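Worksheet: the structure to be examined is printed underneath.
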Amino acid sequence: MESYNFREVEKKWIEKFDNLDGYKGKDFDTREKKYVLVEFPYPSGEGLHVGHAFSMTGADVYARFMRMIGFNVLFPMGWDAFGLPAENYAIKTGIQPQVTTDRITKLFKEQMRRMAFSFDWEREINTTLPEYYKWTQWIFTKLFEKGLAHKEEMPINWCPSCKIGLANEEVVDGDCERCGAITEKRNISQWVVKITEYADRLIEGLKDTDFIEKVKAAQVNWIDRKEGINIRFKIVLDPEIPLGCAASPFDKEDFLEVFTTRPDTLEGVEFLVVAPGHKLAQELKESRTQELKILSDYLEEYDKRDLKDRSERQKTGVLLPIKVINPLNNREVPVYVADYVSMDFGTGAIMGVPSTDARDADFAKVMRINFEPTLVPNAGLWGEAVNKGWGRKKISYHLRDWIFSRQHYWGEPIPMVWCEKCALHGGQGWVPVPEEQLPVVLPDIEKYQPTDTGESPLANIKDWVETKCPKCGGKARRETDTMPNWAGSDWYFLRYCDSKNDKKLAEVDKMKYWLPVDVYIGGDEHNTLHLLYSRFIYQFLYDLGVVPTEVPEPYKKRLSHGVILAPDGKRMSKSKGNVIAPEAMTDKYGTDVVRMYMMFMGPFDATMAWNERSLIGVSRFLERFYKLVTENIGKNSRTRELKNSRQDVEGKRLINKLIKSAGEDLEVFKFNTVIAKLMETTNGLSKLTGTIANDDLRLLIKVIAPFAPFVSQELWVALGGSGSVHAEQFPRLDEKYLYASGVTLAVQVNGKLRGTVVIDVEATEEMAITEAKKMDKIAKYLSDGEIKKVIFIRGKVLNFVVNRE
RNA sequence: GCCGAGGUGGCGAAAUGGUAGACGCACUAGCUUUAGGAGCUAGCGGGGCAACCCAUGGAGGUUCAAGUCCUCUCCUCGGCACCA
């Protein structure tokens, strides 16, 4: 018998799969819809990597299974192609990013084709094409019109290496997330999107989703809503530390406001601390007396210092020349400025309660502040503080507003125009580009290099920058900032519903049919930012009435796929030289083997190391599977099929057992156990002495089809099938075969296994007891005691509870 | 510190409260004139000649029956974090 020649078989079928009608999602079809989404890749020059291949294979197996059980499946793919690597490549080579992007997306697409992913390519999208980003820009103009976007001079995280402003989320421990360089603070005018206005709804909305627990937790944790009270402490000057001749910046009515979630510990306040960026510290610094030199030195040093390992470092601080009064007991307490308080949260000032807070205790130690070590919190103070007017309830979020400007070339131009005339006439100087003038097309340029001034290279293109105000028609300037790389991926799943629409972002009826996304598969690294941003944009579009779902949530379910490590157990990286290229593997072993191996490695969400020996095990299995089927086809062509023989029934039992558990497991992404069961079934069938009927072989092939598209198609045709096995229905379970040869019952005495007995599935308790007692071993255990009780679970267990003497 | 997921053979891992270790890798023995990362048969948690006993990080508990449920505890991984 010939063995399976994957090269020949794949070559034969790959083109036929290209235009398979069944892979296409049909708008408004009467079948129930299923929108299966897997994150679209950034097409990097290195091509499709194992991580892509893994997550997409899982999504593909699921999508194929969903089609086979009767759903109208939307399984689209596209390119999230704006980003720094293409721009950096352009800086180096002078080749336009669009040119490299085109080339690389073609490479990716061919690699995906070889992996036999059943994407609906008619709906392909690319975030860098004007017909796509027209709508990314349109969304921005709507944000602006609704007051959710404005430009603001603000200190931002500046990466001196990338020459780019970064969102807080893109700075890790003071380092640029991309290149690792230490970031600086710079004052730059930036577009800011008010995602915080949606903070509560972004938490609330999670109730309407089926996200796995860790994803929900990550979202809530990221937003980090805290209920507390802003308490005002009256400021008094400290007579012992003169403020110098300059008039005191304070008058009698000045207060220092702190945010606390623990007003119940107000009694234990020993000091207050303000952040170095706090107005109070900055104002005091200005008074420039000798005594305050320590303070200004401290603040200046703080500005220079990088933020690295802030949590590791010992706390530092300086005493301020003022005191404040605790409204609860009128005690005067000192005020410090210290680096462990952050300006970004609450009011930038805290109350120091060293007896209950470890950080405050730490600081007290450094500053040699004495305090009572014990304090009994008083919950009544929550009400008292509000009732007596010491403070007011306040909710603070860790979530920051979203800095939306990038000073780069390769991104969507922010579609805004600055009009001096409109500004002078008391109006808004910033004018959004109206829908009919969109898209604002990214012009071709010669120099891609970002500038040190913090402006994008677009600022150098005079005839692009100079434009007319859409409102008054006067001379105006275009915004030269571009959008962050998240912008295009915020709404891409909407575009798949109607990817070619040139009038709208997508037709409402089509979105109504396909939305929400039923299953969204992606990496943990996107569980906070991408997921949060896209949920926010969706909620915003919902408020505009643009998207038609019942509930303002775009994704019904979110699943995390796992991570594949290199054979050495480390993360794959070019520099470590331990990268596994999926293409090299498919060249060597064939697509089906690689797909099946990845799905067999472990649970879909696990972290697993690549192991080529195990892959070979899967290769051997596929070979055995192929032989089993082809040998039986051969036998069936020579001899009459024997129906209803004992062997025939046993074969059907094995296959139906497989159909049952495979169907159940595929539904919940337990691909590894489906493959284990396919192996088990194949082994079982190989041991049968009779032949397996062609009809039964067909069932087997349909079960393996979602995993191994090529082998299954080849065998399907070998069995005389026409068309594609991938358009077939998944086999239905025939229950009558499931227990055709009885069930194995575990026989226990006092809960301990003492033997097994095979009986009819319908057997009664009495029959089971009779059978069990026939066994010598059981009889022996029962002889030296009295049977107190018998537990009988049909098909599972028979347990004698015996009272031993 | 907070949140989440986990701890089961030499390894990757299976087990709606009901035969722990399915399936695969590695390994051992044998078969097959066998050079192909081959195939086939058998074995493969520990102890014991055996009957049996022990075993799912640890300690208790619930139950006829616990890897699975409850309480406490230890450890690992992932995310967030001087968040007030």
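Note that these values count all heavy atoms, side chains included, but never hydrogens, waters or copies made by symmetry. Computed from a prediction, not measured in an experiment: that's the story for all the values here.
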Rounded distance in Å between the C1' positions of B/rG17 and B/rU56: 15 Å
Per A/Glu680 side chain, nearest of listed nucleotides B/rC53, B/rC23, B/rA84: B/rC23
Residues A/Lys635 and A/Glu631 bridged, charged N to O under 4.0 Å: no
Sugar-phosphate only, base, or nothing, as touched by A/Val797 at under 4.0 Å among non-hydrogen atoms: base
Sugar-phosphate, base or nothing in reach of A/Thr528, heavy atoms under 4.0 Å: nothing
Protein-nucleotide distance (A/Ile791, atom CD1; B/rU19, atom C1'), rounded to Å: 17 Å
Bracket notation of RNA chain B in which parentheses pair within the strand, [ ] cross earlier pairs, and | pairs with another strand (Watson-Crick or G-U, under 3.5 Å): (((((((..(((.....[....))).(((((.......))))).(((....)))..(((((..]....))))))))))))....
Nucleotide B/rG1, atom P - distance to CG of A/Asp224 in whole Å: 18 Å
B/rG36 glycosidic torsion: syn (within 90° of 0) vs anti: syn
Distance, P atom - from B/rC25 to B/rA42, rounded to whole angstrom: 15 Å
Mutual orientation of the aromatic rings belonging to A/Tyr340 and A/Phe363 [parallel < 30°, tilted 30-60°, perpendicular > 60°]: tilted
Nearest to side-chain heavy atoms of A/Lys780, which nucleotide of B/rC52, B/rA13, B/rG18: B/rC52
Rounded distance in Å between the C1' positions of B/rG60 and B/rU19: 27 Å
Charged N-O contact under 4.0 Å between A/Glu270 and A/Lys365: no
Touch class at under 4.0 angstrom, heavy-atom based, for A/Lys394 against every strand present: nothing
From B/rC3, B/rA14, B/rA84, nucleotide with atom closest to A/Pro603 side chain: B/rA14
Parallel, tilted or perpendicular: ring planes of A/Phe536 versus A/Tyr198, cut at 30 and 60 degrees: perpendicular
Output field: ring centroids A/Trp610/A/Tyr597 closer than 6.0 Å: yes
Rounded interatomic separation in angstrom, taking CG from A/Asn799 and P from B/rA65: 8 Å
Whether A/Phe621 and A/Phe625 hold their rings parallel, tilted or perpendicular, with breakpoints at 30° and 60°: tilted
Derivation and outcome, side-chain hydrogen bond (donor to acceptor under 3.5 Å, both in side chains), residues A/Glu762 and A/Tyr739: CA-CA 9 Å; A/Glu762 300 292 340; A/Tyr739 303 110; over 6 Å; no
Separation between CG of A/Asp362 and NZ of A/Lys315, rounded to the nearest 0.5 Å: 4.0 Å
Listed nucleotide nearest any side-chain atom of A/His398, set B/rA81, B/rG18, B/rC53: B/rA81
Sugar-phosphate only, base, or nothing, as touched by A/Thr260 at under 4.0 Å among non-hydrogen atoms: sugar-phosphate
Closest to the A/Ile793 side chain, choosing from B/rU19, B/rC25, B/rG18: B/rG18
Sugar-phosphate only, base, or nothing, as touched by A/Ala217 at under 4.0 Å among non-hydrogen atoms: sugar-phosphate
Residue A/Ala676, side-chain heavy atoms: nucleotide from B/rA22, B/rC82, B/rA14 that is nearest: B/rA22
Comparing A/Ile350 and A/Asn221 on RNA chain B - which has the more 5′ nearest nucleotide: A/Asn221
OP1 or OP2 of B/rA84 under 4.0 Å from side-chain N/O of A/Lys226: yes
Flag side-chain contact, heavy atom, 4.5 Å: A/Val61 against A/Arg595: yes
Sugar-phosphate only, base, or nothing, as touched by A/Arg624 at under 4.0 Å among non-hydrogen atoms: sugar-phosphate
A/Asp605 versus A/Ser560, side-chain donor and acceptor atoms under 3.5 Å: no
Nearest-angstrom distance from the residue atom NE2 of A/His278 to P of B/rA84: 17 Å
Sugar-phosphate only, base, or nothing, as touched by A/Gln748 at under 4.0 Å among non-hydrogen atoms: base
SB check A/Glu204 A/Arg225 (cutoff 4.0 Å): no
Pairwise C1' distance for B/rC52 and B/rG6, with rounding to whole Å: 34 Å
Closest listed nucleotide, where the reference is the side chain of A/Phe600 and the choices are B/rC23, B/rA84, B/rU19: B/rC23
For atom CE of A/Met601 and atom P of B/rG12, their distance in whole Å: 12 Å
Separation of the P atoms in B/rC53 and B/rA65, to the nearest angstrom: 16 Å
Value in whole Å for how far the P atom of B/rC27 lies from CG of A/Asn611: 12 Å
B/rG61 glycosidic torsion: syn (within 90° of 0) vs anti: anti
First of A/Gly617 and A/Ala606 reached from the 5' end of RNA chain B, by closest nucleotide: A/Ala606
Touch class at under 4.0 angstrom, heavy-atom based, for A/Asn527 against every strand present: nothing
Neighbour count >12 (heavy atoms, 6.0 Å) for atom CD, A/Glu766: yes
Integer angstrom distance from the C1' of B/rC72 to that of B/rC64: 26 Å
A/Ile675 CD1 - B/rA22 P separation (whole Å): 18 Å
From B/rC82, B/rG37, B/rA15, nucleotide with atom closest to A/Lys670 side chain: B/rA15
Nearest-Å distance once atom C1' is located in both B/rU8 and B/rC3: 26 Å
Contact list for RNA chain B against residues 584-593 of chain A - heavy-atom distance below 4.0 Å: A/Lys588, A/Tyr589
Gap between atom CD1 of A/Ile229 and atom CD1 of A/Ile395 - 0.5 Å precision: 11.5 Å
Touch class at under 4.0 angstrom, heavy-atom based, for A/Asp524 against every strand present: nothing
Given B/rC82, B/rG18, B/rA13, the nucleotide with the shortest approach to the side chain of A/Tyr340: B/rC82
Spacing of A/Ile212 atom CD1 relative to B/rG79 atom C1', expressed in whole Å: 12 Å
Rounded distance in Å between the C1' positions of B/rC69 and B/rG78: 26 Å
